[in-house]
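In this text the structure is predicted, and so the values were computed from the model without any measurement. Residue numbers begin at 1 in each chain, while the letters A, B, ... track the order of the sequences.
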2 protein chains.
Amino acid sequence: MWLNFIVNTYSFMTEHEKNTEQKILDAAEDVFLHKGMSGARMQEIADKAGINKALLHYYYRTKDKLFEKVFEKAFKIFIPKVTGMMASDTPVIEKIKFFIDNYMDLLTRHPFIPAFLISELNRNPQILVSLFEKNVQLTRNDIIKNFDKQIQTEVKAGILKSVDARNLMVSIVGMCIFPIVGRPIIQGVLFENNKKDYNEFLGQRKESIKEFIVNSIKA
Amino acid sequence: MWLNFIVNTYSFMTEHEKNTEQKILDAAEDVFLHKGMSGARMQEIADKAGINKALLHYYYRTKDKLFEKVFEKAFKIFIPKVTGMMASDTPVIEKIKFFIDNYMDLLTRHPFIPAFLISELNRNPQILVSLFEKNVQLTRNDIIKNFDKQIQTEVKAGILKSVDARNLMVSIVGMCIFPIVGRPIIQGVLFENNKKDYNEFLGQRKESIKEFIVNSIKA
DNA sequence: TTTAAATTTGACCAATTGGTTAAATTAATT
DNA sequence: AATTAATTTAACCAATTGGTCAAATTTAAA
């Protein structure tokens, strides 16, 4: 679709157009996720999409614009889930268990996104600025405050030990993400590089984390 | 020093030589750590070292060779510490507290190394193979087994709750590393991008992790 | 003080890279 | 069927990149 780089993906485009565009985006995701912005090559993306390189620039003018799209998609898959977990009104421990189950599943389905986000954001934190404007940044603050309030309520009710909301959240996400982004190192150092053993480890990790956290915060 | 790429840094080289070589290595570290293998430019490294680009190739034939040196140094700073923590014969909880204090300090001093290692290793896990051959891979297995044995002893002695050594180690390191590698995201989402607030958060994080873990594993 | 060896440089090169353009092809509109 | 608009391609380009080389300079050895 012409001027697509401005108007984006809309419902009135034909199946054919959607396919070409989607093929490019899929290929771009694949290449960018594994090689990063600086390591990705437009030619490789074109090859993987089965199209001419010039067509890439026809749809997404520049490498930066294409990268932006891929990054935004990756970001949206992972980050809102974290604040999302704090929104429901179930008890804290239930909430956490639910989150860990879902987040670990998400990580298993997209194991390369977190390292990609970490790498690109450390190299250029500026990317976040524009993303934060677009997305649900307004309510975010209230959500965190509410989650903290809920925790303090349960602390006073004698359900939980005294814990700080943000420390808890960073710990939970860290315990979930590290075995994924650090896989090459951990698998090498602690599992003699045995892929099967490590997959088993990841399989039971969910339960391990939940038990570890509940043990820590339950009064 | 001529043929330096083969013989490496030895004590019999003059101060002048050591300086030039070190200047290159420092500059390379700086650039590689922030831009990664594919994003780093030999010209930028040369500029930062204040030398001609050809001199870079005189000392370290290729970009790959130079990268290898930087990577190995970064790796050696961080990874042996983890297995090292398990070697002493103090009680488990003391060991863990000592490790967290030291590791968090290390992370604060070198905040960009972990993301660098994660990124490069996910992109090319092959790098590890040669490194594992060179380094203390022999005793590593015994160290882990001994640590696990110590834990199980303390479990039976009623000091600790039942915990798996490798899960525990991954959790500890994950809780330490995530606030560093995920800084841009966490600072943005949870701290309204306030740098000062985040530094304060990092300052108390050490104690928070220790308390969190002890609460979880103490019987 | 020669002479030889090691270090440093400027100029250069081939390959790669992101991006462009004009022409060809296909799809949509009349 | 004719024309217009949208899509796709091959060929090309300027800039960048890792790397080389011969010459110049500095240092060490004789």
Side-chain angles (χ1 to χ4, degrees), chain A residues 1-28 31-32 34-71 120 124, chain B residues 1-28 31-32 34-71 120 124:
Chain A
M1 186 176 78
W2 113 279
L3 276 180
N4 178 40
F5 37 80
I6 291 174
V7 296
N8 245 335
T9 307
Y10 285 123
S11 54
F12 54 72
M13 50 170 78
T14 67
E15 262 316 300
H16 172 249
E17 283 162 334
K18 206 180 241 169
N19 280 342
T20 312
E21 204 180 340
Q22 198 55 49
K23 256 161 43 188
I24 294 178
L25 217 57
D26 290 346
V31 175
F32 275 126
H34 286 90
K35 316 219 163 160
M37 169 61 179
S38 59
R41 299 288 163 249
M42 294 299 268
Q43 188 60 60
E44 193 184 347
I45 295 173
D47 291 347
K48 215 155 232 166
I51 54 153
N52 189 285
K53 189 179 60 139
L55 199 53
L56 233 61
H57 290 92
Y58 175 77
Y59 277 95
Y60 304 89
R61 272 200 306 248
T62 63
K63 191 186 180 183
D64 292 75
K65 291 245 187 296
L66 182 52
F67 174 80
E68 214 174 274
K69 285 269 185 300
V70 172
F71 184 91
E120 299 300 333
N124 177 23
Chain B
M1 185 176 79
W2 112 278
L3 277 179
N4 178 41
F5 38 77
I6 291 174
V7 297
N8 246 336
T9 308
Y10 285 123
S11 54
F12 55 72
M13 51 170 78
T14 68
E15 261 317 300
H16 172 249
E17 283 162 331
K18 206 179 240 167
N19 280 342
T20 313
E21 204 180 340
Q22 198 55 50
K23 257 160 45 187
I24 293 177
L25 216 58
D26 289 348
V31 176
F32 275 126
H34 287 90
K35 315 218 165 161
M37 168 63 180
S38 58
R41 299 289 164 248
M42 294 300 267
Q43 188 60 60
E44 192 185 348
I45 295 173
D47 291 347
K48 215 155 232 166
I51 55 154
N52 189 284
K53 190 181 58 141
L55 199 53
L56 233 60
H57 290 91
Y58 175 76
Y59 277 97
Y60 304 88
R61 274 200 304 250
T62 63
K63 189 185 181 184
D64 292 76
K65 291 245 187 294
L66 182 53
F67 174 80
E68 215 174 273
K69 285 268 185 299
V70 172
F71 185 90
E120 299 299 334
N124 176 22

Looking at the side chain of [X], which of [options] is the nearest nucleotide?
{"X": "B:L55", "options": "C:dT7, C:dG19, D:dT17", "result": "C:dT7"}
{"X": "A:A54", "options": "D:dT7, D:dG19, C:dT21", "result": "C:dT21"}
{"X": "A:T62", "options": "C:dT8, D:dT9, C:dG19", "result": "C:dG19"}
{"X": "A:R41", "options": "C:dT7, D:dG19, C:dT17", "result": "C:dT17"}
{"X": "A:K63", "options": "C:dT9, C:dG18, D:dT7", "result": "C:dG18"}

Just the rounded figure in Å: distance from [atom2] of [N] to [atom1] of [X].
{"X": "B:I24", "N": "C:dT8", "atom1": "CD1", "atom2": "C1'", "answer": "11 Å"}
{"X": "A:L56", "N": "D:dT9", "atom1": "CG", "atom2": "C1'", "answer": "13 Å"}
{"X": "A:H57", "N": "D:dC13", "atom1": "NE2", "atom2": "P", "answer": "17 Å"}
{"X": "A:D64", "N": "C:dG18", "atom1": "CG", "atom2": "C1'", "answer": "10 Å"}
{"X": "A:L66", "N": "C:dG18", "atom1": "CG", "atom2": "P", "answer": "11 Å"}
{"X": "B:Q43", "N": "C:dT9", "atom1": "CD", "atom2": "C1'", "answer": "12 Å"}
{"X": "A:N19", "N": "D:dT8", "atom1": "CG", "atom2": "C1'", "answer": "15 Å"}
{"X": "B:Y60", "N": "C:dT7", "atom1": "OH", "atom2": "P", "answer": "12 Å"}

Between A:Y58 and C:dT21, does any side-chain N or O lie under 4.0 Å from OP1 or OP2?
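So the side-chain polar atoms of A:Y58 never come under 4.0 Å of the phosphate oxygens OP1 or OP2 of C:dT21.
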
Verify the contact: side-chain N or O of A:T20 to OP1 or OP2 of D:dT8, cut-off strictly under 4.0 Å; return yes or no.
yes

Output the distance between atom CD1 (A:I51) and atom OH (A:Y58), rounded to the nearest 0.5 Å.
12.0 Å

Please figure out whether A:M37 or B:N52 has its closest DNA chain C nucleotide nearer the 5' end.
B:N52

Evaluate the side chain to side chain donor-acceptor pair (under 3.5 Å) criterion for residues B:Q22 and B:D26: first the C-alpha distance (whole Å), next the side-chain angles of each, then the deciding distance (0.1 Å), finally the verdict.
CA-CA 6 Å; B:Q22 198 55 50; B:D26 289 348; 3.1 Å; yes

Check: A:K63 side chain, A:M37 main-chain N or O, donor-acceptor pair, under 3.5 Å:
yes

Which part of the nucleic acid does A:A40 contact within heavy-atom distance under 4.0 Å: base, sugar-phosphate only, or nothing?
sugar-phosphate

If you define the side chain from C-beta out and look only at heavy atoms, does anything of B:H57 sit under 4.5 Å from B:M42?
yes

Any donor-acceptor pair under 3.5 Å linking the side-chain atoms of A:D47 with those of A:Q43?
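A:D47 and A:Q43 do have a side-chain donor-acceptor pair below 3.5 Å.
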
Classify the side chain of A:K53 versus the base of C:dG19 as yes if they form a donor-acceptor pair under 3.5 Å and no if they do not.
yes

